[in-house]
Amino acid sequence: LEVPLLFEEGSYEKAGVDLPQPSGTKSRLGDQGAEHAPHLPAFTEPQAMRHFVRLSQKNYAIDMGIFPLGSCTMKHNPRLNEKMARLPGFADLHPLAPEKTAQGALALIHELQDWLCELTGMPAVAMSPKAGAHGELCGMMAIRAAIVAKGEEKTRTRVLVPESAHGTNPATAVQCGFTVDKLPGTEDGRVDLEAMKAKLGDDVAAIMVTNPNTCGLFERDIRAMADAVHEAGGYFYCDGANFNAIVGKARPGDLGVDAMHINLHKTFSTPHGGGGPGSGPTVLSDALAPFAPIPAVVKEGETFRLIEQEEGDFADSFGRMVAFHGQMGMFVRALSYMLSHGADGLRKVGEDSVLNANYVRVRLAEEMTQGYPGPCMHEALFSDKWLKDTGVGTLDFAKAMIDEGFHPMTMYFPLVVSGAMLIEPTETESKASLDEFCDSLLGLAKAAKAGETERFKNAPYFAPRSRLDETKAARQPKLRWVEPEEGAMAAE
Amino acid sequence: LEVPLLFEEGSYEKAGVDLPQPSGTKSRLGDQGAEHAPHLPAFTEPQAMRHFVRLSQKNYAIDMGIFPLGSCTMKHNPRLNEKMARLPGFADLHPLAPEKTAQGALALIHELQDWLCELTGMPAVAMSPKAGAHGELCGMMAIRAAIVAKGEEKTRTRVLVPESAHGTNPATAVQCGFTVDKLPGTEDGRVDLEAMKAKLGDDVAAIMVTNPNTCGLFERDIRAMADAVHEAGGYFYCDGANFNAIVGKARPGDLGVDAMHINLHKTFSTPHGGGGPGSGPTVLSDALAPFAPIPAVVKEGETFRLIEQEEGDFADSFGRMVAFHGQMGMFVRALSYMLSHGADGLRKVGEDSVLNANYVRVRLAEEMTQGYPGPCMHEALFSDKWLKDTGVGTLDFAKAMIDEGFHPMTMYFPLVVSGAMLIEPTETESKASLDEFCDSLLGLAKAAKAGETERFKNAPYFAPRSRLDETKAARQPKLRWVEPEEGAMAAE
Amino acid sequence: MRYLPLTDADRQAMLATVGVETIDDLFSDVPKDALNPDLKLPDHKGEFEVERHLSAYAKKNHAAGDGPFFAGCGAYRHHVPATVDHIIQRSEFLTAYTPYQPEIAQGTLQYLFEFQSQVAELTGMEVANASMYDGSTATAEAALMARRITKRNKVVMAGGLHPHYAEVVRTNEELIGDTVLQAPATPGAGAVLDMIDDETSCVIVQSPDVFGFLRDLEGITEKAHARGALVVAVVTEAVSLGLLKSPGSQGVDIVVGEGQSIGNALNFGGPYLGLFAARQKHIRHMPGRLCGETVDADGRRGFVLTLSTREQHIRRDKATSNICTNSGLCALAFTVHMSLMGGKGLREVATLSHESACKTADALEAIDGVEVLNDTFFNEFTVRLPKNASQVVDSLAEQGIIAGVPGGRLWPGREETENLLIIAATELTQDSDIKALASALRAAV
Amino acid sequence: MRYLPLTDADRQAMLATVGVETIDDLFSDVPKDALNPDLKLPDHKGEFEVERHLSAYAKKNHAAGDGPFFAGCGAYRHHVPATVDHIIQRSEFLTAYTPYQPEIAQGTLQYLFEFQSQVAELTGMEVANASMYDGSTATAEAALMARRITKRNKVVMAGGLHPHYAEVVRTNEELIGDTVLQAPATPGAGAVLDMIDDETSCVIVQSPDVFGFLRDLEGITEKAHARGALVVAVVTEAVSLGLLKSPGSQGVDIVVGEGQSIGNALNFGGPYLGLFAARQKHIRHMPGRLCGETVDADGRRGFVLTLSTREQHIRRDKATSNICTNSGLCALAFTVHMSLMGGKGLREVATLSHESACKTADALEAIDGVEVLNDTFFNEFTVRLPKNASQVVDSLAEQGIIAGVPGGRLWPGREETENLLIIAATELTQDSDIKALASALRAAV
């Protein structure tokens with residue numbers, strides 16, 4: 001069923017809201033009033049409902065099936081969390097409401113801070129970052145501020161980033177005024193410790209390492225790496241995108257990390273919502289804590305306070321990185337999730353996510369080539385070696401998965417493996433679900449090897465759309481609706 | 001995607017709830033305690049979510065498309081109503097809470113009573129009936145009580161019901177101890193007034209007439225019918241299933257009706273919910289009001305009271321027909337809808353529903369045969385004459401509609417027309433939606449006439465299931481899941 | 001008029017297509033003087049105005065969650081997981097129609113099949129229907145079903161049957177001239193046995209009964225069956241089925257019940273969920289909708305509404321009942337909640353509820369002048385106070401405590417029960433609630 | 001552990017398949033002494049226990065709807081139709097991933113395209129992106145974009161720019177060594193014109209500004225363009241776009257804004273919705289996600305994320321920004337609400353909001369010692385009180401009235417603004433609220 005655009009279906013006459021009559025008070029707009037309403041059509045309520053429900057049915061979602069996306073931790077989103085976030089005491093609370101009238105909200109943020117610090121073994125956490133990449137920015141800004149405080153900002157400008165890193169890492173480093181230097185990996189998919197040491201020096205501001213890394217492996221040498229960078233006068237930024245694998249099992253603070261963002265929308269189950277909003281609190285070591293951004297929530301006696309300026313413990317803060325105090329709606333959801341799981345449950349989260357990934361790894365290895373040997377953490381990496389000479393590529397294989405009822409895995413990332421396929425099942429998949437998934441993929445793999453290329457070349461066949469022309473989209477960008485002809489506007 | 005049964009997917013070990021540990025208090029169950037938990041499997045929460053979301057995707061719903069069902073008024077269900085019904089003051093209120101602690105709820109019921117009385121022009125309304133058929137029962141019980149009060153219960157036992165009536169009418173009459181006598185219709189699809197008069201007599205308790213009737217027509221002679229039955233000492237029960245056509249436009253109380261149920265889940269937009277719950281308040285004339293059931297809400301000064309026994313104005317009540325006081329959840333939704341529309345909006349509801357039906361009637365009459373000539377009310381009736389010799393029947397045609405993305409219309413009802421197709425679009429369909437629907441049906445009609453029987457014979461082809469074997473279901477009833485083999489139970 | 005998509009231009013164009021000039025030309029069959037009545041009702045309101053209006057009503061009520069809460073008697077406040085409400089609000093369930101077109105209604109049909117299976121297992125019966133309006137109407141329907149099966153015209157009800165249920169049975173049965181007898185409503189008494197005779201179509205027994213006592217269904221069944229009568233067991237607190245012997249295991253013929261307490265809110269009395277289970281041999285006498293398993297034309301398993309020849313839309317004046325609606329969405333809520341709990345989880349909820357009630361009883365027994373009457377109970381019991389219980393309940397309500405249901409509420413004007421207070425507890429009852437009740441009650445008596 | 005489907009039996013079987021004995025064998029790369037730390041955190045809790053815990057926090061806050069409410073300054077309380085929340089809670093939207101696989105994400109992609117179209121029209125610009133974190137970060141990104149386009153390193157901000165926004169710009173710009181200047185934050189003053197020079201990459205102007213004044217964007221644009229600088233217009237109250245001349249019509253180059261007030265709740269500051277619109281010619285310099293129209297292999301219209309070569313996952317250290325998340329669900333809420341209103345409905349909401357503010361200003365002007373500073377405003381204005389406004393706000397809060405945002409909150413420790421109170425109203429402001437505010441304020445000053 002095709003769904004026209006709002007602009008094709010809507011009306012400029014009727015609307016889906018009813019409002020009281022204005023009283024005709026004299027305007028105080030000066031000369032800034034517009035003569036006409038914005039030229040935007042409306043739906044009545046039944047039309048809007050059907051429009052968006054029909055649109056929704058063209059989406060795939062975690063509530064429908066597995067989302068085996070590496071580095072994205074698409075786990076079950078409990079509805080309790082949605083309910084809690086909608087309590088009027090949280091949802092209908094103004095960010096600049098007087099402190100006394102928001103003590104419950106501040107207390108909640110403070111409790112969440114405690115959980116995040118305890119789970120990561122870190123002494124401090126900055127709550128305001130709005131997403132993972134924003135959390136990275138926070139961490140790197142804190143590192144930059146620490147370097148400035150030491151008067152080394154002119155010299156310490158280089159940041160070491162592994163080849164396998166998320167794209168946000170180098171982008172963030174640059175956004176903080178650093179230059180990026182690539183770190184090579186070892187044959188077993190980890191950072192090459194010796195090569196890293198060789199790159200260290202007075203000009204190195206930090207290393208940015210993901211752990212577990214994007215190959216789904218735990219950086220065995222993480223402490224040695226931390227020691228080395230500290231010794232060289234730099235800092236250790238850890239990308240926390242893969243924290244799900246070790247939550248409850250190991251703490252970055254015990255491993256020498258100076259800063260790490262936490263994706264509440266990955267590890268702590270706040271919904272992805274089709275690409276946002278996220279939330280990326282950043283934990284900080286003692287070395288970086290003084291530079292944490294404002295605002296911040298602190299407890300003084302029985303009262304919770306919101307520090308909104310550089311004062312007291314926050315005198316050296318690097319400043320404000322966002323209006324207001326972060327993603328409260330996500331904080332409520334994340335704390336709801338943490339309380340539900342508890343320490344015992346969170347440890348099981350880490351364990352089951354790793355177990356599920358290894359189970360998938362072993363089962364799929366029957367037909368597919370593992371990226372690196374040995375067990376993995378919470379995601380299993382495969383290369384496209386096994387597809388060699390089949391005429392089927394990683395993309396084709398992934399698109400064929402759509403016809404089997406699955407969302408494709410992460411493809412062509414990390415870049416260090418040829419035609420990478422990165423699969424993260426998460427702990428909220430049942431064994432039955434994993435078996436269904438593996439059976440289906442093994443079937444597809446056999447078909448690819450058996451030369452059934454038709455099944456792959458133009459896949460998907462059973463989706464709302466076949467493959468889309470991305471080149472056309474980029475070459476002739478059409479980013480908004482435009483009235484097709486002059487005549488149509490006369491109707492208004 | 002196939003969805004296994006809970007019993008095939010679930011586990012006897014894990015569950016989707018976490019509960020505190022019992023404290024081990026000494027049981028006071030005597031010898032009535034069971035040794036084991038009931039043998040029912042559970043889902044963890046992610047499994048449950050996926051199970052039911054996937055199931056839901058096998059349904060058609062008003063939020064997805066038009067539901068052109070005659071006599072069923074499947075209109076848009078505003079979400080405001082859902083939100084209002086869930087306010088803790090309504091949803092979390094116990095039916096036996098002290099009167100003083102439920103004044104808001106009683107006031108709401110009282111306001112709804114006022115709306116229903118004013119919209120129908122009737123002096124009284126019984127709120128407790130739980131559904132349309134229950135409302136019919138209420139009306140007929142009141143009639144029976146009135147007859148008993150006159151000492152005529154032995155003689156007045158016959159109820160006249162048109163051939164075209166809903167099945168609930170005769171069933172209800174019988175459930176009240178009456179016998180049913182069929183009323184013939186005229187050639188123009190209405191009750192034959194003269195034939196009815198001929199059937200009247202001392203033994204007639206009531207007539208039960210639907211207006212607008214099930215052929216989608218207004219009973220022109222309604223006042224004459226009312227006068228005649230009243231003169232004969234009987235009562236006029238009006239089936240209110242089709243009230244949507246005349247809401248705001250005409251009032252049963254102005255036309256001589258003694259009792260009529262109102263389907264809040266039709267006219268007043270409370271959701272059908274896959275077949276319930278409904279709500280069927282029944283308005284009553286002065287003649288029947290004294291016999292109304294308890295409980296009832298009355299206002300005394302500034303206080304609202306719940307009458308729970310036969311006392312005062314309710315001394316002659318026919319008694320209680322349900323525990324507690326009716327479908328509060330539906331009352332909130334219905335009042336929310338009424339307030340939103342107001343008197344002006346409700347009149348437009350009647351008008352637009354009739355206009356939409358006539359538009360569909362005229363457009364489809366291009367290919368299909370109207371059941372009766374002339375304009376209709378809020379539903380358009382067609383016979384299968386136009387399908388003669390095509391080899392396609394009403395059922396085939398309706399099932400082919402599924403492949404076009406529509407829910408079939410009401411088929412083979414009313415019985416007075418051969419192969420009836422009854423279409424009620426409701427006022428919440430846009431012109432664009434009606435055009436899409438009509439275009440599609442006209443296309444199908446042409447296909448049928450052109451001899452494309454394959455398109456119909458085994459339709460639907462594009463639904464989650466093809467035609468189901470209803471005979472097998474009835475001959476070998478399998479009404480519950482049964483463990484397939486003994487071995488499987490050993491797992492527990 | 002945000003729910004009405006037609007624009008004025010649409011209306012004009014459509015009238016032209018239809019071939020009339022004004023909308024009222026389509027209403028020409030309505031008597032002129034009755035057309036377009038002057039309604040003394042306000043005009044349309046915006047969404048936030050409606051919200052304000054209704055929220056003001058809501059705020060005038062004392063919600064069960066607003067303080068210590070001990071009311072039961074057929075409606076119980078248990079916790080309902082957020083998942084339940086999310087699922088029943090899915091458009092595809094909420095705004096679906098009765099599943100008469102099974103090809104595009106397998107979602108509804110499959111959960112009804114799961115619901116029937118769960119209810120059958122919980123009640124210990126062979127089959128269950130797809131739900132009724134509520135427990136009380138299900139009870140009345142059970143009596144009518146027993147009448148059809150036994151062809152007898154006398155219903156006998158135990159004294160502990162919820163008085164509202166008894167009234168509903170009476171209203172329905174007396175309408176068709178049947179005899180309805182009820183044993184005296186007295187805590188602990190079981191005089192019903194002596195009332196069963198050869199004309200009895202069925203005996204209706206509630207357990208736990210309205211006073212909270214657990215009844216020996218086996219003994220009653222033995223006696224009834226000996227006289228050719230059926231036994232209808234009534235369960236008003238579905239959670240009790242998680243901890244008690246099932247009625248089916250005790251030989252009864254029909255089990256009816258109120259399913260509200262699993263998955264559904266209190267809702268001031270409705271919508272609720274009637275449970276109805278019976279023996280396989282009686283299915284053609286059962287009222288209500290039934291969902292059955294079958295196959296489609298391609299041999300795939302599927303579900304349909306079945307045995308509809310019992311129903312009014314086919315059978316008209318020969319139907320088993322006039323019912324044409326079930327409580328579909330409430331049944332879905334039940335099924336989802338039950339699926340999350342499983343038998344094990346239900347037993348845990350039942351155990352916690354029982355323990356809460358035991359603790360409450362212990363606390364109240366310690367009060368001078370308060371006497372707990374029950375030897376056995378599940379999560380509800382009855383105390384005798386030294387004074388009128390309605391007055392005590394009202395006075396505690398002013399302190400924000402809903403103390404339970406007073407006898408005077410259920411049996412108005414009856415002296416023997418006016419000092420009785422029926423008290424229920426669930427897993428949501430906190431120790432602090434019990435303390436508050438006990439201390440307020442101590443002060444009030 | 002209701003969110004974890006694996007049973008112990010599953011775990012055993014899977015460990016066996018994997019070929020290890022214990023789960024910790026899979027964690028062998030973790031330093032032994034760091035494995036399985038002893039966490040000082042409580043164990044898992046049931047759903048109703050979590051609800052109690054969090055509800056207790058919620059109850060300790062004074063919600064905006066609990067009484068008269070006049071706070072704004074970048075976050076506004078408008079009515080959000082119930083339909084909006086229903087749709088954003090649809091599983092298919094709520095639990096979907098970033099639409100990188102367009103074949104099975106057309107739902108998300110199409111609404112993003114609709115969102116972009118709406119934002120472009122409202123701002124009067126040619127293109128808009130698929131949303132940013134919030135208004136303040138969008139403003140910072142706009143400054144960085146202007147830097148990329150003009151290759152200049154000096155940002156000039158008007159004095160009426162929300163101080164939080166200004167701080168965010170400063171934090172980001174100073175990090176890379178750029179110069180950031182802001183005119184003094186004084187109601188009514190417009191000293192920014194004199195600060196524009198040939199090194200200015202952009203001028204950032206908010207209108208309505210933080211004090212509520214409506215700014216002449218046309219004049220500023222003229223001056224800036226003459227110097228080769230771009231103009232970034234900031235809108236912190238999206239509803240104002242329904243009634244005011246669009247920034248685009250006044251010639252600005254980039255429009256950023258906070259979209260919260262359409263479709264989204266106050267949420268104590270987040271999640272919010274950054275709006276970002278620009279001229280067509282600059283699209284390749286724009287940050288954030290973009291959705292574009294294209295066709296599929298069968299020639300059908302479809303939508304994809306496009307121009308991703310600007311983005312970090314392709315471009316890495318050469319990306320336009322490090323952003324990899326938008327505010328998808330908040331954008332959906334915006335789109336649904338905007339679709340229900342249309343331009344006409346938005347204008348009505350804006351008009352009612354303006355009228356509420358006018359009435360409030362009238363009522364406060366009548367109070368001795370209270371001075372309304374604005375000659376123009378939309379739905380927010382500033383008054384000067386004869387005393388410290390923070391103290392007044394605190395004292396009114398104790399009476400249940402949120403009187404607005406005191407100057408001391410936005411500019412801590414700055415004497416010139418500490419007596420200022422910034423007051424906002426919307427269509428939800430009732431006459432009784434205005435009366436309550438006026439009378440409490442009269443008593444307090």
Side-chain angles (χ1 to χ4, degrees), chain B residues 15-16 25 30 32 37-38 40 42 52 55-56 58-63 87-89 91-95 98 101 104 108 130-131 133 167 170-172 177 180 218 220 254 273-278 319-320 323-324 327-329 342-345 358-359 430-431 463 465-466 473 478 480-481, chain C residues 5 10 14 18 29 34 39 41 43-44 57-58 60-63 71 87 91-92 95-96 98 103-104 106-108 117 133 136 164 167 171 176 214 265 267-271 292-294 296-297 302 306 312-313 316-317 319 322 325-329 340 342-343 345 347-348 355 358 376 397:
Chain B
T25 311
Q32 286 293 306
L40 286 170
F52 290 105
L55 275 186
S56 78
K58 298 180 185 299
N59 273 1
Y60 187 90
I62 190 73
D63 282 355
L87 291 172
D92 193 26
L93 186 62
H94 193 278
T101 67
L108 183 147
K130 290 267 186 180
T172 301
V180 173
F218 193 89
R220 288 184 200 116
D254 298 339
R320 182 183 284 270
F324 313 132
Q327 307 285 64
M328 182 65 182
D344 54 341
N358 277 285
Y359 182 73
S430 67
K431 180 167 178 296
R465 284 288 177 274
S466 54
K478 189 169 171 195
R480 65 175 288 193
W481 184 79
Chain C
D10 289 337
M14 292 165 75
V18 172
D29 288 337
L39 297 173
L41 294 169
D43 277 350
H44 69 278
Y57 282 143
K60 280 189 191 141
N61 303 317
H62 180 89
I87 287 170
S91 288
E92 293 86 339
T95 74
T98 312
E103 297 90 346
I104 47 174
Q106 286 297 305
T108 299
S117 303
Y133 304 141
S136 69
H164 288 177
E167 289 170 38
T171 303
I176 42 175
L214 307 184
N267 283 331
F268 199 49
E293 183 181 320
T294 186
D296 78 353
T306 191
Q312 45 69 33
H313 62 278
R316 303 182 71 86
D317 53 334
N322 78 332
T325 316
N326 68 351
S327 285
L329 213 57
L340 287 167
R347 191 173 170 100
E348 287 170 28
E355 290 195 342
C358 290
T376 59

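Just so it is clear: chains get the letters A, B, ... in the order the sequence lines come, proteins before strands, and each one is counted from 1. Worth knowing before you read on, the calculation uses all heavy atoms, side chains too, and leaves out hydrogens, waters and symmetry mates.
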If you count heavy-atom pairs under 4.5 Å between each of [options] and chain B, which one has the most?
options	value
T325(C), D29(C), I87(C), T171(C)	D29(C)
E92(C), K60(C), E103(C)	E103(C)
T98(C), L41(C), T376(C)	L41(C)
I104(C), N326(C), I176(C)	I104(C)
A96(C), G328(C), G302(C)	A96(C)
N61(C), V18(C), D10(C)	N61(C)

Looking at residues at least two apart in the chain, or sitting in another chain, which of them share a ring pair (Phe, Tyr, Trp, His ring centres under 6.0 Å) with Y60(B)?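 Applying ring pair (Phe, Tyr, Trp, His ring centres under 6.0 Å) to Y60(B) gives F67(B), H407(B).
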Structural part of [X] lying under 4.5 Å from a heavy atom of chain B:
X	answer
L39(C)	both
R316(C)	both
T306(C)	side chain

Rounded at 0.5 Å granularity, tell me how far OG1 in T294(C) sits from NZ in K478(B).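 If I round to the nearest 0.5 Å, the distance is 10.5 Å.
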What distance separates R320(B) CZ from E167(C) CD, expressed to the nearest 0.5 Å?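 So the CZ of R320(B) and the CD of E167(C) are separated by 5.0 Å.
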What residue, out of [options], has the most heavy-atom pairs lying under 4.5 Å from chain C?
options	answer
T25(B), L55(B), N59(B), D63(B)	N59(B)
G329(B), G278(B), G274(B)	G274(B)
A42(B), A463(B), G275(B)	G275(B)
A131(B), A323(B), P98(B)	A323(B)
G345(B), G177(B), G319(B), A473(B)	A473(B)
A343(B), P88(B), S56(B), S430(B)	S56(B)

Of the backbone (N, CA, C, O) and the side chain (C-beta and beyond), which part of L108(B) lies under 4.5 Å from a heavy atom of chain C, both, or neither?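 When you check distances to chain C, atoms from both the backbone and side chain of L108(B) fall under 4.5 Å.
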Minimal non-hydrogen separation, F268(C) against H94(B), with atom names: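 Answer, listing the atom of F268(C) first, then H94(B): CD1-O, 3.5 Å.
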Can you give me the closest heavy-atom contact between Y133(C) and S327(C), atom names plus distance?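 So the minimum-distance heavy-atom pair works out to O-OG, 3.4 Å.
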Would you find a donor on one side and an acceptor on the other, under 3.5 Å apart, between the side chain of N322(C) and the backbone of A133(B)?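 Yes.
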Side-chain (S466(B)) to main-chain (D296(C)) donor-acceptor, under 3.5 angstrom: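 Side chain of S466(B) to backbone of D296(C), a donor-acceptor pair under 3.5 Å: no, none is there.
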